[in-house]
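Remember, it's 1-based here, ligands and their atoms both numbered in the order they're listed.
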Amino acid sequence: MKSDVIPPLHDFERIVFFTGAGLSAESGIPTYRGRGGIWNKYNYEDFACQRAFDRDPEKVWDFHDTRRERVAACEPNEGHRIIADVLRAKPDCIVVTQNIDGLHQRAGVDGSRVIELHGSLWRVRCDRDGVVVANEQVPINPRRCACGAYWRPDIVWFEDMLDGRVLERAGDALLKADAIVSIGTSGVVYPAADLPRIAVSKGAASFEINLEDTPVSHLYQHRLRMPASVALTQLLRPRQI
Ligand code: NAD
């Protein structure tokens, strides 16, 4: 049920920040959907699925090198910094993110407290044997592993399955949460979009931060229709009596 009295986040200890592309929009990274969204401009079937990579790995790497270059030139914004501050102060809070940009970590969150549902632009995986390594080169060079096969970005592309262990970790965190704060996600990418429901069904307080309503808005008690950094600043204010 929607409620108008918004409790401050200080009231909670096991907050899950469930973040999407809208959180990084204020850093200058385009979202997937909506105005300026990258899939309005590019066809994912040419750039972001295993079939495209098998067909033309160089073309897919050119696209991802451009994305790496763009993200490397951006900085974490106030929203990322506020989340990092809360995690520093509260040891049982965690981030579950659909983002692949690494900005939570660059804002100071330890990697062990960021569950990356869709992988990371900053890791690569051997396309033959699946070995995963960190790689922050822009552009990546060489594009092939020592075994001769191509590296591929260790991200969940369209038509890929999510890593079961990562999903399980996210599910565990949501089961234990006393608050879920969803930030800047359109709620249309499954199975990620279903995860907040786990916390809500266990009675966690629920907040949705987005510029607009989403197909899952009805799940949330508190809906803040404003940019992520503005909403997070409001949620961190002491309770007004
Ligand atoms: P999306 O692009 O589908 O939706 C973005 C949402 O954020 C929209 O609902 C929009 O209204 C909202 N939004 C835009 N600006 C905002 C702001 N300043 N404050 C608050 N909300 C804002 O994003 P999604 O739901 O995360 O999409 C899913 C896929 O996009 C994921 O798989 C993710 O891997 C990928 N993606 C990641 C990045 C990134 O890592 N930064 C960028 C683009 C896409």
Task: Minimum-distance pair of heavy atoms, taken over all atoms of Ala170 and Val96 - done: CB-CG1, 4.0 Å

Open item on the list: Applying side-chain hydrogen bond (donor to acceptor under 3.5 Å, both in side chains), can you list everything that pairs with Arg106, at least two apart in sequence or on another chain?
Closed with: none

TODO: Select the closest option to atom 32 (O) of ligand 1 among Gln98, Arg70, His118, His104, judged by heavy-atom distance.
DONE: His118

Task: Ligand-residue contact atoms, ligand 1 with Gly20, heavy atoms, under 4.0 Å - done: 26 (O)

Task: Best match, Asn210, Ile155, Leu211: closest heavy atom to atom 10 (C) of ligand 1 - done: Asn210

Open item on the list: Please check this pair: side chain of Asp163 against backbone of Arg165, looking for a donor-acceptor N/O pair closer than 3.5 Å.
Closed with: yes

TODO: Please could you name the atoms of ligand 1 that Gly184 approaches to less than 4.0 Å, counting only its heavy atoms?
DONE: 5 (C), 6 (C), 7 (O), 21 (N)

Open item on the list: Quick check: Ala25 and ligand 1, any N/O pair under 3.5 Å apart?
Closed with: no

Task: ligand 1 N/O within reach of Thr214 N/O, cut-off under 3.5 Å - done: no

- [ ] To the nearest 0.5 angstrom, please state how far the CG atom of Leu232 sits from the CZ atom of Arg237.
- [x] 12.0 Å

- [ ] Show which residues join Val188 in its hydrophobic cluster (side-chain heavy-atom contacts under 4.5 Å, direct or indirect), or state none.
- [x] Val189

Task: Flag side-chain contact, heavy atom, 4.5 Å: Asp213 against His218 - done: no

- [ ] Under 4.0 Å from a heavy atom of Ala21: give me the atoms of ligand 1 that qualify, with their elements.
- [x] 2 (O), 23 (O), 24 (P), 26 (O), 38 (C), 42 (C), 43 (C), 44 (C)

- [ ] Could you tell me which atoms of ligand 1, counted from 1 in the order shown, lie closer than 4.0 angstrom to a heavy atom of Glu26?
- [x] 18 (N)

Task: ligand 1 N/O within reach of Ile100 N/O, cut-off under 3.5 Å - done: yes

Open item on the list: Less than 6.0 angstrom separating the ring centers of Trp157 and Tyr44, yes or no?
Closed with: no

Task: For ligand 1, the portion of Val189 having any non-hydrogen atom under 4.0 Å away - done: side chain

Open item on the list: Please list, in number order, the atoms of ligand 1 under 4.0 Å from a heavy atom of Glu212.
Closed with: 11 (O)

Task: Ser27 to Asn77 - nearest heavy-atom pair and separation - done: OG-ND2, 3.0 Å

- [ ] Give, for atom CD of Glu116 and atom CZ of Arg169, the distance between the pair rounded to the nearest 0.5 Å.
- [x] 10.0 Å

Open item on the list: As an exercise, identify every atom of ligand 1 less than 4.0 angstrom from a heavy atom of Ile29.
Closed with: 41 (N)

Task: Per atom 42 (C) of ligand 1, closest listed option by heavy atom (Pro30, Gly119, Ser24) - done: Pro30

